[in-house]
Each structure stands twice: as C-alpha cells, then as structure tokens.
Chemist: 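Handing you this structure, nothing more for now.
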Protein chains: 2
Amino acid sequence: MLSKETLTKLFPDWEDGLYDAILNVAELKEAKAGTTLLKMGQNIKSAMLVVEGTIKLYQEDETGGEYFMYHLNPGEACAVTLVCNYHHEQSQVLAKAVTDIQYLAIPIEFMEKWLNEFKSWHYFVIKTYRSRYEELLKTIHEIAFKNMDERLEFYILKFVKQFGAIVNLTHQDIANDLNTSREVISRLLKKMEHNGWIIMNRNSFDWIKK
Amino acid sequence: MLSKETLTKLFPDWEDGLYDAILNVAELKEAKAGTTLLKMGQNIKSAMLVVEGTIKLYQEDETGGEYFMYHLNPGEACAVTLVCNYHHEQSQVLAKAVTDIQYLAIPIEFMEKWLNEFKSWHYFVIKTYRSRYEELLKTIHEIAFKNMDERLEFYILKFVKQFGAIVNLTHQDIANDLNTSREVISRLLKKMEHNGWIIMNRNSFDWIKK
DNA sequence: TTAATTGGGTGATATATATCACACTACAAT
DNA sequence: ATTGTAGTGTGATATATATCACCCAATTAA
C-alpha cells in the first residue's frame, strides 16, 4: 500500500496537498522485469512515476529496431506522459521495465489541473523535462559523432553507474539496445578484453577499466 | 523599439504583467545571419526569445563536428536558456542565426522569479521543453535508424517547410549540418536529381518531389 | 581579360559496420 | 548420458560512408 512516508521520501520537494492528491487518484501498479510499459504510437492514458525499480527508455523504429536512451529511477517520471494537453496523445518512446517495478499511474486528466494547483508539481514537470532533454542531447552526441566502440563504452558505463561493475547482459541484449548486431558487439568486447578493460564470462562480464 | 503590441502578437497566451516584466528587463538584440549566438560549453547569461528571423540549433562535437537538430522561429525560445537554476550553467547546444534576427535577452536571474510569479511563463517554459524534447526524439530516430539518403531527405524537407521549395544551400552547407562530407551529399543529390525529386542549380536546388 | 576562388562531379580506395555462415561450448532439459 | 538451446567466436563478404585526388565550370576579384 502506498503511504505518505513513501511519497515524501521519493519526492521530497513536493507540497503537502500534492501528496494527498496523489494518494487520492494515483494507482500503485506493479510490473515484472522485461514488461513493456509504453509502446511507440500508443495512446497515453496516465502519467507514470517510478516508485521502485528501474525503467529503460527507448526510441523505437517502425521496423522493430530499438535505441536505448536513458534510465528512469525511483522518484523520477516519464516526461512524455506528464504533459498531455490533448487526450489520445501518442507516445514517442518505448518504455520497458528492467527490474521488477512499482509505479504510480495518474490519469492524465489531473495533469493540467495540477499544473494550476500545485507549484511543486509545476517545478517537478519542468525539472523532469529539463533533465530528459539533456539525456537526449547526450544520446544525439553519441550517435552523431561516435563510432560503435565508443558508443559501446558509454553504454557500459551507463549500466555500471546504474547496477555496478558486473554487467549481466548478453551480447545480443547490448546489440539490441544499440541497434546493431551481436557479431559487432562480440568483436568489440573481445577488443576490450584484450585491452584489459573487461573480464568476460558467459552471460556477463566485469568492467575493470582503470 | 520593443512594443507591447509586438509582444502580444508573438506570445498571445501570456498574462499582462509578464509583458510589462519583459519590457522592463529584456534587452532587444540584433544579430546578422551566420552569427553564432551560443556555443557549447559557454556560460548562459540570459534567456533567448526569438522576435524576428530564424535560428538553427545544433549539437556540437569537441572536434568541430556539428549536427543540426531544429529551427527556432519568432515566438519560440531556446529551451536550454530558460531553466538555469545555477549560475554558470553551460550550454549543451550550439545556436546560429540563419537569417538576420532580433531576439530578447532576459538575464537568467529572472527565470526562477518568473516561474513563481507568472503562470503563463510557467506554461511557456513547459510548452517549450515539451516541443523541443519531441524534436530531439525525431533527431535520434533519424540518426539511429536511417541511412544518409533518408536523413538528407528529412533535412531537405525541414528546410522546405521553413523557407520554401528553393533550397539555397551548398552541398558543403548540408554536409556540415549532417556531419558528413560534401562528396556524399553531392552523390546523393545526384541520385535525387535522377529520380526527378530535385532540379539542381549552382548554390541551390528546387525540391519538386510529388 | 585574366587569375583566383568557390561549387560541384567523379573515380579510386579505405574503413566501419552489416550480414551470412558455421563452429564451438556451457548449460538446461529430458 | 543425451539432446537441445542459448551464448559466443570468427572468417568471408557486402554495403554505406569517409577520404583522397583531381578535374571542370561558374562566379568573383584583380
């Protein structure tokens, strides 16, 4: 059950009335690791705030390709779902649960209302957009200017920052996230192994650079 | 000179007090076509609202590369300059005037203040971030999934939407904006010419597809 | 008018990545 | 113990793009 204590810990900057509003209208939902929470083109019915676990945000191609952009952690929100002026607004991103997660679903009817009502909500929305905008800039920087070896390194570093130095991903997982093929990732990881940046195991490797 | 009439036309959704605040503290500046308005890494001293002309926003590489992301038109603002919680915040984007422009420079001290004071300013900031976030998503989609021929077509279409079907850009201009080389653009344009999508001239071409 | 500069065309070659083919190994299922 | 499957390694080849070299044509400067 969702408590006010949990909320104050997750969202320390909010005003009191906002916690009450959330408790009234938000639904606490759960999802298993691997679940797709939001598909591209899907109508957005509710805002999504992360309570527990980690979500990965992707850009998705019509032909099935995916490109990983950033992680969402507890206390963070999916930016695209926060401002839906018009109903039937469609998602431009793909969101997947990486771990088992808990999240708050708030019907989008309240978004416009809360922007008027709660100053701290307003700030939260702006803060969210600003930080995600910056993540997208970084993503563009990597794809536009870097080769796959550097992009792979950035990718691994993002993972390590999130989950620690034991990277339990298969080569295929990584290839999917970077919209390339397993062979390419395998060869580049071999190089990193030769350079002494990683120690490879089956289903995982350890990041030991520096 | 900046008049209230001009402001109400450019920013019709604002509240009255906000126009006055702008008139008090904003400086109306001018810049010639081609001027660099904001460099990556540069400290942001003022928010930038476009009054007249068009600005192009880029992601910039340390080694001199550039990647064009989107246009800014009159009535729009540069998102990164709108929310600078801390002074000495550095720009993550490169902004260049495409045409001669006029813009409003508002010292960033007022940003935090206005968020509190003016509801319409708050909305403006959110609207700005939301729309630019979406532009970045489109950019990622193109770089991550499309080959140069399709990216070139998207690029031309953005230009045509802005300025009309006569594209007065050199091959080198386009190559710079897409972080590729002139030869690549020349060859792809030749293909488009063969396909009957464009008519080429020196220093320009006409987009006649469909 | 001549020279210089800029924009553009195009072959040859290099490189990064994608794709195909297949082999090998660890582990799980039976 | 046998079989199947998922994860990985690696050569061969294809393709997209980058880079180099050089040419020519149009425009501008002298």
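Letters A, B, ... mirror the listed sequences (proteins, then strands); counts begin at 1.
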Chemist: Can you check the B/Phe145 CZ to D/dA16 P distance for me, whole Å?
Modeler: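 Distance check: B/Phe145 CZ to D/dA16 P gives 19 Å.
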Chemist: Closest-nucleotide mapping onto DNA chain D: is A/Leu189 or B/Ser181 further toward the 5' terminus? I mean the 5' end.
Modeler: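 In this pair, the answer is A/Leu189.
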Chemist: State whether A/Thr170 places a side-chain N or O below 4.0 Å from either non-bridging phosphate oxygen (OP1 or OP2) of D/dA6.
Modeler: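 Checking A/Thr170 against D/dA6: no side-chain N or O falls below 4.0 Å of OP1 or OP2.
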Chemist: Looking at C/dG9, I'd like to know if its phosphate oxygens (OP1 or OP2) sit under 4.0 Å from a side-chain N or O belonging to B/Lys190.
Modeler: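 The answer is yes; a side-chain N or O of B/Lys190 sits under 4.0 Å from OP1 or OP2.
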Chemist: Is the phosphate of C/dA26 approached by A/Asn203 (side-chain N or O, under 4.0 Å from OP1 or OP2)?
Modeler: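 No, because none of the side-chain N or O atoms of A/Asn203 sits under 4.0 Å from OP1 or OP2 of C/dA26.
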Chemist: Could you state the CG-P distance from A/Asn168 to D/dA6, rounded to the nearest angstrom?
Modeler: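 Between P of D/dA6 and CG of A/Asn168: 19 Å.
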Chemist: What is the distance from CZ of B/Phe205 to P of C/dG9, rounded to the nearest Å?
Modeler: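 Value for this atom pair: 11 Å.
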Chemist: Is it true that the NZ or CZ of B/Lys158 lies under 6.0 Å from the centre of B/Tyr70's six-membered ring and within 45 degrees of the ring axis?
Modeler: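 Judged by the rule (NZ or CZ under 6.0 Å from the ring centre, within 45° of its axis), B/Lys158 is not positioned above B/Tyr70.
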Chemist: On the side chain of B/Arg202, is there an atom forming a donor-acceptor pair with the base of C/dT6 - under 3.5 Å, no angle test?
Modeler: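 Pair found.
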Chemist: How many whole angstroms separate atom CG of A/Leu188 from atom P of C/dT15?
Modeler: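 One finds 17 Å between P of C/dT15 and CG of A/Leu188, rounded.
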Chemist: Between C/dT13 atom C1' and B/Glu183 atom CD, what is the distance in whole Å?
Modeler: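 It is 13 Å, rounded to the nearest whole Å.
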Chemist: Any idea which of C/dG9, C/dA18, D/dA18 is nearest the B/Ser186 side chain?
Modeler: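 For B/Ser186, the side-chain atoms sit closest to C/dG9.
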Chemist: Once hydrogens and angles are ignored, does a donor-acceptor distance under 3.5 Å link the base of C/dT19 to the side chain of A/Arg187?
Modeler: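 Donor-acceptor pair under 3.5 Å: yes.
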Chemist: Strictly under 6.0 Å, is that where the ring centroids of A/Phe205 and A/His171 end up?
Modeler: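 No - the distance between ring centres of A/Phe205 and A/His171 does not fall below the 6.0 Å cut-off.
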Chemist: Taking atom C1' of C/dA16 as reference, at what distance in whole Å does atom CD1 of A/Ile143 sit?
Modeler: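 Those two atoms, CD1 and C1', are 16 Å apart.
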Chemist: Which one, D/dG9, D/dT17, C/dG9, comes nearest to the side chain of A/Met200?
Modeler: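 Closest nucleotide to the A/Met200 side chain: D/dG9.
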Chemist: Please tell me if B/His171 has a side-chain N or O lying less than 4.0 Å from either OP1 or OP2 of C/dG9.
Modeler: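 It does, given that an N or O in the side chain of B/His171 lies less than 4.0 Å from OP1 or OP2 of C/dG9.
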Chemist: Provide the full list of side chain to side chain donor-acceptor pair (under 3.5 Å) pairs with a residue in residues 35-45 of chain A, sequence neighbours left out, each pair given once.
Modeler: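 Every pair satisfying side chain to side chain donor-acceptor pair (under 3.5 Å) with a residue in residues 35-45 of chain A: there are none.
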Chemist: Could you go through the salt bridge (Lys or Arg N to Asp or Glu O under 4.0 Å) check for B/Glu62 and A/Lys146 one step at a time?
Modeler: CA-CA 11 Å; B/Glu62 308 80 36; A/Lys146 307 296 183 186; 3.4 Å; yes
Chemist: Round to a whole Å and report the spacing from CD of A/Glu193 to C1' of D/dG9.
Modeler: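 Whole-Å distance recorded here is 11 Å.
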Chemist: Could you give the CZ-to-P distance, from A/Arg182 to C/dA21, as a whole number of Å?
Modeler: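 It works out to 14 Å between those atoms.
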Chemist: Could you tell me whether the phosphate oxygens of D/dA18, OP1 or OP2, come under 4.0 Å of any side-chain nitrogen or oxygen in B/Thr180?
Modeler: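 Looking at the OP1 and OP2 atoms of D/dA18, one of them is under 4.0 Å from a side-chain N or O of B/Thr180.
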Chemist: Sequence neighbours excluded, which residues qualify as ring pair (Phe, Tyr, Trp, His ring centres under 6.0 Å) partners of A/Tyr129?
Modeler: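 For A/Tyr129 the ring pair (Phe, Tyr, Trp, His ring centres under 6.0 Å) partners, ignoring immediate neighbours, are B/Tyr133.
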